[in-house]
Colleague: 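Structure in structure tokens, see below.
As the structure is a prediction and not an experimental result, all values here were calculated from the model.
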Amino acid sequence: MNSISGFQGKSKLKKKYLKPKHQKAKVFRASEPLLSVFMWGINYTINELTHVNIPVMLMPDDFKAYTKVKVDNHSFNKENMPSHFKVKEYCPLVFKKLRERFGIDDTDFMNSLTKSQPICFGESAGRSQAKFYQSCDNFLILKTLHSEEVEQMHSLLKAYHPYVIERHGKTLLPQYLGMYRLSVEGNETYIVVMRNIFSSSIPIHRKYDIKGSTVDRDASDKEKEKELPTLKDNDFVKDGIRLYLLGVDKQKLMEMLEADCDFLSKMNLMDYSLCIGIHDCERYEQEAMECMAMGTAYSEEDEGESSGGQPVPGSPNNGEVNAVPTPPDSPHLHHKNSNASEHEVYIQSVRGSIDPVKDIYAIESSPESPRKEIYFMGLVDVLTQYGLRKRTAQAAKTVKHGAAAEISTVHPDQYGKRLCEFISKAIP
């Protein structure tokens, strides 16, 4: 009897052990097929890299290499993914090395782009009509490219990678982290991934796009109507903006800017901009205090209505108490359990503390500054060649405005030096 019972027990155990296990497939939900495919592609390419032996040194062929995957008639997740698509990653080993140099882990890179869909936040008004997306954690920026810009990126990478290595990553140039081609529903879209110049936790109150020129460098009335407009050189001067930096910070900034401009000049590149974002610490603290007071007021109203058990009509936090702003979403409300004793702690936390690991483009204002500010500065749009089209534009603008006019289209050497002079003059 015991032997039979033992046999039955072993039989059940064996049956349970042999039960097949099906691998869970990751679902990528997005508002448009392009983003679903992008998220799928990032997950696929990063996971594929884990099976590759990464060389100590890159070879010339690594700058021409690519990986490509094609998916046809797949049966999984059809409600979220198109049935036919292709994903191509350019120079995977080069970009992996760059991510390492910039201190970005592949897993963190993947999670930023796949945990939730990137959000489109703008489209350039220029000839390129590029779209811009932001990762769910605000850490990364995606920009669509034209095919000729992809060619320019290939040409730039050969010099960009050794330059970044030589500079030990100390540069204001865009931090290029990956480049892809997505083929979805018969359309091809090229996307480059870059680090966000601005912080994920410190909001920007003013933003400028600086080229160092004065002709046609005013933001349009339509642009100025936006909540956070991108202003230009003449607006910068009219607003009387000064960048109050410590002497050592000014020296570091100008050394990086001059080195980067010299590099771009040697690559025959121009028409780039220095993007400047300004965080006003005192303004943000005031906004935080006002939002906290608002949350406290609604909390008191809620307590008054507690006998009915219903939220206060019209309450912005749906009846929940102690709503406080969470960077960079101020003045939107985020619910947080707190009490009066935590008030000062909270205010200290939103005064704009820089994370040196993430906020690499940030510089605090000097003690001599009239107001406490944090400046975010980085170069953008660095892929324009000074070719025939730009030379023609330069000639036309010179005829229209005169040889002495500060037009934006000039030789790369002059372009870089003029931008450096403009920024240097803005630092007292």
Colleague: Evaluate V192 against Y180 for side chain to side chain contact (heavy atoms under 4.5 Å, CB included), listing each step before the verdict.
Modeller: CA-CA 6 Å; V192 63; Y180 309 86; over 6 Å; no

Colleague: Testing the basics here: between M153 and L145, what is the closest heavy-atom pair and its distance to 0.1 Å?
Modeller: CG-CD1, 4.3 Å

Colleague: I'd like to check M270 versus L264 (side-chain heavy atoms, cut-off strictly below 4.5 Å). Are they in contact?
Modeller: no

Colleague: Considering only NZ, NE, NH1 and NH2 on the basic side and carboxylate oxygens on the acidic side, decide whether E421 and K417 come within less than 4.0 Å.
Modeller: no

Colleague: List the steps, then state whether side chain to side chain contact (heavy atoms under 4.5 Å, CB included) holds for Y272 with C261.
Modeller: CA-CA 9 Å; Y272 46 87; C261 288; 3.6 Å; yes

Colleague: Within a 6.0 Å radius of atom NZ on K207, are there more than 12 heavy atoms belonging to other residues, nucleotides or ligands?
Modeller: yes

Colleague: Describe, in one word, how the ring planes of F236 and F422 are oriented to each other, choosing from parallel (under 30°), tilted (30 to 60°) and perpendicular (over 60°).
Modeller: tilted

Colleague: Once rounded to the nearest 0.5 Å, what's the spacing between atom CD of E188 and atom OH of Y190?
Modeller: 4.5 Å

Colleague: Should the pair K232-D216 be classified as a salt bridge under the 4.0 Å nitrogen-to-oxygen rule?
Modeller: no

Colleague: Out of curiosity, D413 CG to K266 NZ, how far, rounded to the nearest 0.5 Å?
Modeller: 10.0 Å

Colleague: Rounded to the nearest 0.5 Å, what separates atom CG in L93 from atom CG in L98?
Modeller: 11.0 Å

Colleague: Can you confirm whether L253 sits close enough to I427 that some side-chain heavy atom of one is under 4.5 Å from a side-chain heavy atom of the other?
Modeller: yes

Colleague: Check step by step if side-chain hydrogen bond (donor to acceptor under 3.5 Å, both in side chains) holds for Q152 and E148.
Modeller: CA-CA 6 Å; Q152 184 58 48; E148 54 266 31; over 6 Å; no

Colleague: Under 4.5 Å between any side-chain heavy atoms of I104 and F139, yes or no?
Modeller: yes

Colleague: To the nearest 0.5 Å, what is the distance between CD1 on I141 and NZ on K143?
Modeller: 11.5 Å

Colleague: Between Y176 and Y160, is the gap from one ring center to the other below 6.0 Å?
Modeller: yes

Colleague: Are D233 and Y208 close enough, and set up right, to give a side-chain hydrogen bond (donor to acceptor under 3.5 Å, both in side chains), and what steps lead you there?
Modeller: CA-CA 7 Å; D233 301 65; Y208 295 90; over 6 Å; no

Colleague: Compute the ring centroids of Y375 and Y361, then answer whether they are less than 6.0 Å apart.
Modeller: no

Colleague: Determine whether Q134 and N196 make a side-chain contact, defined as any pair of heavy atoms from C-beta on separated by less than 4.5 Å.
Modeller: yes

Colleague: I would like to know whether D72 and H84 meet side-chain hydrogen bond (donor to acceptor under 3.5 Å, both in side chains); could you show each step before the answer?
Modeller: CA-CA 5 Å; D72 281 319; H84 309 274; 3.0 Å; yes

Colleague: Heavy atoms, side chains only, cut-off 4.5 Å: are K97 and R101 in contact?
Modeller: no

Colleague: Kindly give the heavy-atom pair with the smallest separation between M267 and S155, and that separation in Å.
Modeller: CE-O, 4.0 Å

Colleague: Do P33 and E185 make a side-chain contact, defined as non-hydrogen atoms from C-beta onward lying under 4.5 Å apart?
Modeller: yes

Colleague: Given salt bridge (Lys or Arg N to Asp or Glu O under 4.0 Å), test R167 with E255 step by step and report yes or no.
Modeller: CA-CA 11 Å; R167 298 281 307 171; E255 192 275 330; 2.8 Å; yes

Colleague: Run the salt bridge (Lys or Arg N to Asp or Glu O under 4.0 Å) check on D235 and K224 step by step: do they pass?
Modeller: CA-CA 10 Å; D235 305 304; K224 290 178 180 178; 3.5 Å; yes

Colleague: Over 60° means perpendicular and under 30° means parallel, so tell me whether F198 and F376 are parallel, tilted or perpendicular.
Modeller: perpendicular

Colleague: Measuring only between side-chain heavy atoms, which start at C-beta, is H205 closer than 4.5 Å to E287?
Modeller: yes

Colleague: Taking the basic N atoms (NZ, or NE/NH1/NH2) and the acidic carboxylate oxygens, is any pair closer than 4.0 Å for R99 and D105?
Modeller: no

Colleague: Suppose we call two aromatic rings close when their centres sit under 6.0 Å apart. Are Y284 and H279 close by that rule?
Modeller: yes

Colleague: The test is side chain to side chain contact (heavy atoms under 4.5 Å, CB included); show your working for L231 and D239 and say whether it passes.
Modeller: CA-CA 10 Å; L231 304 173; D239 293 344; 3.8 Å; yes

Colleague: Please report the C-alpha distance between K372 and E285 in whole Å, then the side-chain angles of each, then the deciding distance to 0.1 Å, and finally whether the salt bridge (Lys or Arg N to Asp or Glu O under 4.0 Å) criterion is met.
Modeller: CA-CA 11 Å; K372 184 180 178 184; E285 180 180 337; over 6 Å; no

Colleague: Would you mind writing out the side-chain donor-acceptor pairs for residues 48-70 within the sub-3.5 Å range, not counting sequence neighbours?
Modeller:
residue : atom : partner : partner atom : Å
T50     : OG1  : N47     : O            : 2.4
D62     : OD2  : M59     : N            : 2.8

Colleague: Could you check if a side-chain atom of Y90 sits within less than 4.5 angstrom of a side-chain atom of L157, using non-hydrogen atoms only?
Modeller: no

Colleague: Rounded to the nearest 0.5 Å, how far does OG1 of T114 lie from CG of N43?
Modeller: 6.0 Å

